[in-house]
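Residue numbers start from 1 in every chain, and the chains themselves are labelled A, B, ... in the order their sequence lines are given, proteins ahead of strands.
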Amino acid sequence: MLDKDYNAAEIEKKWQDYWEKEHIYKFDKNSKKKIYVIDVPPPYASAGHLHVGHALHYTQFEIIARYKRMNGFNVYFAPCFDDNGLPTEKYVEEKLGVNKNTVSRKEFRKLCLEANEEVEEIYKNKVFKRLGHSYDWDLLYTTIGKEAQRVSQTSFLRLIKQGDCYRREEPTIWCTYHQTALAQAEVEDIKRKTKLNYIDFKLEDGKKINIATTRPEFLAACVGIFVNPNDKRYSNLVGKNAIVPIFNQKVPIMKDEKVDMEFGTGIVMICTFGDNTDIEWWKKHNLPLKIILDKAGKLNELAMEYKGLTLNDARERIIERLRKEKILVNQEDLEQTVGGCWRCNTPVEYIVTKQWFIKTIPYKDELIKQGRKIKWYPDFFRVRYEDWTKNLGWDWCISRQRHFGVPIPAWYCDKCGEIIVADEKELPTDPLEINKGKCKCGGHFKGDEDVFDTWMTSSMSPQISVKWLEENKEFSKRFPVSLRPQAQDIIRTWTFYTILKSYLHFKQVPWKDIALGTFVLDAKGRGMHKSKGNVVWADILLEKFNVDTFRYWVGKAKWGSDIPFKEEELVAGQKFLTKLWNASKFVLMHLENYDYNKPSKLEDIDKYYLLKLNEVINIATENYDIYNSSEANKAVELFFWHDFCDDYLEIVKDRLYNPDSRGNEGKKSAQYTLYKILNGLLKLFAPVVPHITEEIYQVEFAKKEKIKSIHISEWPKEEAITERMLRERGELFVEVMSKVRKSKADSKKSLKDHVILTLEKKSLNALGNMIEDLKAVTKAKEIKEGRFKTEF
RNA sequence: GGGCCCAUGAUCUAGUGGCUAUGAUGUCACCCUUACAAGGUGAAUGUCCCCGGUUCGAGUCCGGGUGGGCCCACCA
């Protein structure tokens with residue numbers, strides 16, 4: 001028997017402990033079942049709270065894991081943490097007040113590792129276990145863990161071998177705050193207001209031309225001037241030289257189609273490097289290099305008297321001087337969008353440094369083809385992937401000038417620059433800890449001080465997760481993996497890089513399916529941001545609502561689209577749990593003396609509800625199979641609440657409470673049907689609300705099915721129901737029942753009040769042996785033949 | 001500037017060419033019916049954003065707008 005009331009906290013704890021103790025979610029290496037692997041997004045564990053959006057998304061695919069497990073798959077569901085990279089560094093720097101310039105890489109890494117361990121333990125217990133997630137914790141990996149490092153470094157070595165990875169001195173996107181190179185994907189837009197400055201340049205013959213620029217601080221780095229070849233105003237200028245104000249270097253005037261004649265004066269100066277176009281023209285027209293910026297974003301000696309100033313300070317001082325000398329002839333306000341570091345919003349600069357790159361540009365077309373081999377849910381997100389891939393302008397810069405990350409296993413001769421890399425057998429390795437001795441030129445090999453871009457590791461998450469190198473014999477059984485669930489905002493990074501790596505290493509797609517999760521907005525439909533103060537934290541929410549209530553809300557969220565968060569909507573989940581509890585209590589009460597044998601004859605109305613159960617099983621299964629969990633759940637719930645509780649339970653009450661009036665077979669038929677339907681419903685609900693369904697299942701069904709947990713029981717299957725015109729007759733039954741209820745409501749009668757019911761002959765014939773149940777549920781004293789009518 | 005998504009009663013939502021548009025929340029009326037009043041039975045509330053087109057038939061398809069959201073590019 002179930003307790004009178006549903007005690008969520010106690011039940012959650014009880015079953016979470018049980019699942020862990022009994023290893024319910026363990027991946028079975030020796031099983032013959034088909035394997036289903038989920039490529040779980042490694043969460044950053046460094047934040048103190050869990051954003052409700054994350055809690056939703058992680059639960060969303062956890063529901064899929066449960067569905068697949070019940071559906072006969074051997075589910076490989078490895079938890080993970082992304083503890084490698086800038087967020088951890090930032091966390092440690094802020095929390096402990098150290099930074100990468102004041103402590104050594106080794107010490108710093110140690111602090112990071114310690115911080116990780118602490119936070120991950122909290123996360124594991126307070127977030128994932130609390131949410132009732134069904135990971136196999138023995139499969140845990142972290143992106144800074146040994147195996148992840150080994151995979152990441154192995155990938156690097158193999159890509160060098162096959163010619164897809166190279167080191168080159170290149171202008172690189174640079175964050176002057178973090179003092180590291182960035183990938184194109186790490187740059188985000190910043191909108192800002194700035195001034196467009198109209199500056200006079202002298203020509204050699206003493207004439208003047210006027211150039212508009214937003215970045216006069218780069219005058220010292222000016223190496224050329226461009227006009228549009230179709231611009232008649234300036235055709236006479238091409239081939240001449242101009243003299244840069246203040247710094248007096250002579251630069252050539254050239255032509256290029258890309259110059260916008262409408263913008264400013266139609267004359268552009270190019271500097272090394274103020275922006276992307278500068279780099280393009282510098283390469284295309286073979287211009288000299290004048291570097292005036294150091295890694296911290298300060299000007300160097302080429303900027304002469306402005307040496308040591310930041311770009312902003314230099315701009316002010318230079319403008320001041322230009323204005324004084326009347327070289328600055330005009331200033332206009334300008335709305336501008338510039339690239340900024342995605343972590344700190346500092347506008348990015350371009351600096352020439354030696355960096356490692358992985359080739360992407362030559363593979364653009366192939367990567368689009370690979371993307372089409374994957375099933376996208378919803379499909380339109382593939383377009384976003386393809387657009388990004390098409391528009392890529394750079395190879396992927398994978399080195400970062402940071403401390404905490406996977407070290408780059410390479411050494412460079414301090415004399416001749418010779419590069420050597422590690423042997424695969426040595427991995428994982430930290431080149432700063434290994435002495436590679438002398439170069440043949442006599443110089444010494446020095447280990448690379450940089451680390452990999454965090455995506456270098458994350459892009460191998462499917463391979464790390466299924467233990468590519470550790471359990472290589474199993475690899476082909478597990479890879480390509482089944483599903484990548486992820487957020488839509490990292491298609492250009494995580495999705496793209498993972499497809500790239502999988503293609504470069506295996507000439508395969510990394511997953512069969514990719515599904516984009518739900519994004520949570522605030523109640524007004526705006527994104528949740530700490531800075532806006534509208535973030536809802538999951539752990540705080542879980543203090544107010546129990547876990548199954550929260551999960552019920554998650555179960556209603558549609559993959560790939562946004563939902564506004566409204567706390568009132570969680571109340572629906574509470575009501576649902578109460579309803580499920582009470583309905584189950586009722587059913588179990590009436591199963592007490594049930595002998596579990598199928599009765600010799602089932603009542604037709606019982607068959608009708610079994611038929612409806614079949615239908616709902618099919619709808620749920622079909623929808624779950626295409627990651628449409630919200631539709632699956634809505635269908636199941638509608639059947640449960642409306643058909644099962646409101647109608648069917650009312651219909652069978654008479655047979656259950658008064659078996660003698662209709663013969664005991666009628667009661668047995670009802671008991672059989674109740675058992676079937678409730679067991680089916682519990683399983684259909686189990687992925688979403690695992691705790692309450694487990695409790696009810698254990699009280700009644702587990703012992704009968706001899707299964708340890710509902711979560712490893714079999715997903716319900718359709719069972720053959722044969723009866724002529726069953727659906728039509730059942731629908732007619734429900735229709736008549738509703739009409740009687742309406743007439744009682746209209747007459748302000750109670751549902752228990754008796755009625756004399758008149759039905760047309762056609763209906764009476766069709767209902768046949770359902771009449772007795774109709775009579776009982778409508779409390780009809782008698783049912784007569786004639787035009788439809790109710791009398792009290 | 002380009003691309004993608006969305007627009008359905010007060011609110012959220014189903015609906016991918018066919019009978020009177022789905023469900024939930026909220027509102028109102030009635031009902032303490034032996035699982036549940038955190039319940040039940042009913043009711044009211046919709047120019048399905050606008051304009052045009054295709055069609056026997058459009059919430060659904062096409063074109064054009066308007067409004068919201070997201071992604072990308074970009075202006076020296």
Side-chain angles (χ1 to χ4, degrees), chain A residues 2 4-6 184-185 187-189 196-197 211-216 218 222 225-226 256 258-260 262-271 274-278 281 334-339 378-388 390-393 488-492 516 519 521 523 525-527 556-558 560-564 566 568-569 571-590 630-631 634-635 637-638 641-642 645-647 649-650 653 656-657 737-753 777 779:
Chain A
L2 294 177
K4 185 171 181 300
D5 293 311
Y6 170 54
Q184 188 178 348
V187 179
E188 277 178 2
D189 287 356
L196 184 60
N197 305 283
I211 295 178
T213 177
T214 55
R215 306 204 71 180
F218 268 105
C222 180
I225 287 169
F226 283 92
D256 193 288
K258 226 186 152 178
V259 178
D260 182 352
E262 308 294 313
F263 191 88
T265 59
I267 310 178
V268 192
M269 72 167 186
I270 105 144
C271 311
D275 70 19
N276 228 332
T277 324
D278 286 346
W281 285 338
L334 185 71
E335 278 267 326
Q336 187 190 33
T337 311
V338 295
D379 187 60
F380 60 75
F381 278 112
R382 199 190 61 243
V383 177
R384 197 179 283 184
Y385 164 79
E386 291 185 5
D387 286 349
W388 172 259
K390 259 182 241 157
N391 293 326
L392 267 180
Q488 54 171 53
D489 57 341
I490 49 175
I491 288 175
R492 63 183 170 151
L516 287 307
F519 191 72
L521 305 168
R526 300 167 311 179
K556 288 266 172 95
K558 192 175 171 183
S561 57
D562 306 346
I563 51 163
K566 294 186 176 170
E568 311 90 84
E569 287 180 6
V571 174
Q574 287 179 314
K575 289 186 179 179
F576 168 77
L577 296 182
T578 306
K579 189 77 180 174
L580 180 59
W581 186 258
N582 286 319
S584 302
K585 205 165 68 186
F586 173 81
V587 171
L588 266 44
M589 189 171 91
H590 289 287
S630 55
E631 277 313 298
K634 276 182 203 163
E637 191 194 317
L638 190 66
W641 206 304
H642 182 66
C645 292
D646 294 347
D647 295 347
L649 294 186
E650 294 306 321
K653 271 182 185 170
L656 294 170
Y657 284 113
M737 183 170 62
S738 304
K739 276 188 183 165
V740 176
R741 284 171 173 172
K742 185 169 175 347
S743 75
K744 285 186 179 177
D746 290 346
S747 320
K748 311 207 164 178
K749 297 277 181 191
S750 160
L751 286 178
K752 71 174 180 184
D753 284 343
V777 77
K779 310 271 183 213

Please report the distance separating the P of B:U33 from the corresponding atom of B:U41, rounded so that it comes out in whole Å. 15 Å

For B:U22 and B:A29, measure between their P atoms and round to the nearest Å. 25 Å

Any chance OH of A:Tyr6 has more than 12 other-residue heavy atoms, nucleotides or ligands included, within less than 6.0 Å? yes

Quick note, A:Glu631 side chain, CB onward, closest among B:A76, B:U41, B:A14 is B:A14

Using the side-chain heavy atoms of A:Lys742, tell me which of these nucleotides is nearest: B:A43, B:G39, B:A14. B:A43

Base, sugar-phosphate, or nothing for A:Asp753, non-hydrogen atoms under 4.0 angstrom? nothing

Considering only side-chain heavy atoms of A:Phe380, which listed nucleotide, B:C75, B:C5, B:G40, is closest? B:C5

Side chain of A:Lys748 only, heavy atoms from C-beta on: which candidate in B:A29, B:A76, B:C72 is closest? B:A29

Contact class for A:Asp646 vs. all strands (heavy atom < 4.0 Å): base, sugar-phosphate, or nothing? sugar-phosphate

Nearest heavy atom decides the nucleotide; on that basis, is A:Lys653 or A:Glu569 closer to the 5' end of RNA chain B? A:Glu569

Rounding to an integer number of Å, can you tell me how far A:Leu516 CG sits from B:C71 C1'? 12 Å

Report which part of the nucleic acid A:Ala572 touches: base, sugar-phosphate, or nothing (heavy-atom distance under 4.0 Å, all strands). nothing

Provide, to the nearest angstrom, the distance between the CG atom belonging to A:Leu521 and the C1' atom belonging to B:G68. 11 Å

d(CG, A:Asp489; C1', B:C5) in whole Å: 15 Å

Under the 3.5 angstrom rule, does the side chain of A:Lys744 hit a backbone N or O of A:Leu751 as a donor-acceptor pair? yes

Out of B:C75, B:U33, B:G3, which has the shortest distance to the side chain of A:Lys752? B:U33

According to the Watson-Crick and G-U wobble definitions, with both distances under 3.5 Å, which nucleotide is paired to B:A14? none

Rounded to whole Å, CD of A:Gln574 lies from P of B:U25 at a distance of 14 Å

Would you check if A:Trp388 and A:Leu392 make a side-chain contact, meaning some heavy-atom pair closer than 4.5 Å? yes

Just name whichever nucleotide pairs with B:U66, Watson-Crick or G-U, keeping both distances under 3.5 Å, else none. B:A7

Which value, in whole Å, describes the distance between the P atoms of nucleotides B:G53 and B:U11? 30 Å

Paired with B:A29 by Watson-Crick or G-U wobble geometry, both distances under 3.5 Å: which nucleotide is it? B:U41

Let me know, please, whether A:Lys744 or A:Ser584 comes out on the 5' side of the other along RNA chain B by nearest nucleotide. A:Lys744

Separation between the C1' atoms of B:C48 and B:A7, rounded to whole Å: 10 Å

Let's see if you can work this out: which of B:C71, B:C31, B:A76 has an atom nearest to the side-chain heavy atoms of A:Arg384? B:C71

Phosphate-side-chain proximity, A:Trp581 and B:A38, N/O vs OP1/OP2 below 4.0 Å: no

Need one value for A:Gln488: base, sugar-phosphate or nothing, where a base atom within 4.0 Å counts as base even if backbone is also close, heavy atoms only. sugar-phosphate

Paired nucleotide for B:G1 [Watson-Crick or G-U wobble; both distances under 3.5 Å]: B:C72

Please check: side-chain N/O of A:Arg215 versus main-chain N/O of A:Gly274, any donor-acceptor pairing under 3.5 Å? yes

Answer for the Watson-Crick or wobble partner of B:U22, both distances under 3.5 Å, is none

Phosphate OP1/OP2 of B:A14: any A:Lys558 side-chain N/O under 4.0 Å: yes

Whole angstrom value for the distance that separates P of B:G39 from CG of A:Leu751: 16 Å

Residue A:Trp641, side-chain heavy atoms: nucleotide from B:G40, B:G26, B:C75 that is nearest: B:G40

Hey, are the side chains of A:Lys579 and A:Cys645 touching, using non-hydrogen atoms and a 4.5 Å cut-off? yes

For a quick check of understanding: with a heavy-atom distance under 4.0 Å over all strands, which category does A:Leu649 fall into, base, sugar-phosphate or nothing? base

For A:Lys634, which contact category applies under a 4.0 Å heavy-atom criterion: base, sugar-phosphate, or nothing? sugar-phosphate

So, is A:Lys579 close to the B:G40 phosphate, meaning a side-chain N or O under 4.0 Å from OP1 or OP2? yes

Side-chain contact check for A:Lys566: nearest option of B:A38, B:G42, B:C12 is B:C12

What nucleotide, of B:C72, B:G40, B:C75, holds the atom closest to the side chain of A:Trp388? B:C72

Can you tell me the distance, in whole Å, between the CG atom of A:Asp379 and the P atom of B:C4? 13 Å

A:Asp387 side chain to A:Arg384 main-chain N or O, any donor-acceptor pair under 3.5 Å? no

Write down the partner of B:C36 under the Watson-Crick or G-U wobble criteria, each distance required to be under 3.5 Å. none

When the P atoms of B:G26 and B:G40 are compared, how many Å lie between them, rounded to an integer? 11 Å

Answer with base, sugar-phosphate or nothing: what part of the nucleic acid does A:Asp260 contact at a heavy-atom distance below 4.0 Å? base

So what does A:Cys645 hit on the nucleic acid, given a heavy-atom distance under 4.0 Å: a base, only sugar-phosphate, or nothing? base

Measure CG/A:Leu2 against P/B:C36 and give the value in whole Å, please. 13 Å

Backbone N/O of A:Lys749 and side chain of A:Ser747: donor-acceptor pair under 3.5 Å: no

I'd like to know whether A:Lys634 forms a salt bridge (charged side-chain N to carboxylate O under 4.0 Å, His left out) with A:Glu631, so could you lay out the CA-CA distance, the side-chain angles of the two residues, the decisive distance to 0.1 Å, and finally the verdict. CA-CA 5 Å; A:Lys634 276 182 203 163; A:Glu631 277 313 298; 3.7 Å; yes

How far, in whole Å, is B:C5 from B:A76 if one measures between their C1' atoms? 33 Å

Are the side chain of A:Asp278 and the backbone of A:Ile270 linked by a donor-acceptor contact shorter than 3.5 Å? no

Provide, to the nearest angstrom, the distance between the CZ atom belonging to A:Arg382 and the C1' atom belonging to B:C71. 16 Å

Taking only the side-chain nitrogens and oxygens of A:Thr277, find out if one of them lies under 4.0 Å from OP1 or OP2 of B:C75. yes

When you compare B:C6 with B:G15, how far apart are their C1' atoms, in angstrom units rounded to a whole number? 15 Å

Gap in Å between the two P atoms, one belonging to B:G46 and one to B:G1, rounded: 39 Å

At less than 4.0 Å, is any side-chain N or O atom of A:Arg492 found next to OP1 or OP2 of B:C72? Yes or no. yes

Would you mind pulling out the nucleotide paired to B:U54, Watson-Crick or G-U wobble, both distances under 3.5 Å? none

What I'd like to find out is whether the side chain of A:Val268 reaches to under 4.5 Å of the side chain of A:Trp281, using heavy atoms alone. yes

Ignoring the backbone of A:Thr578, work out which of B:G69, B:A38, B:C75 is nearest its side chain. B:A38

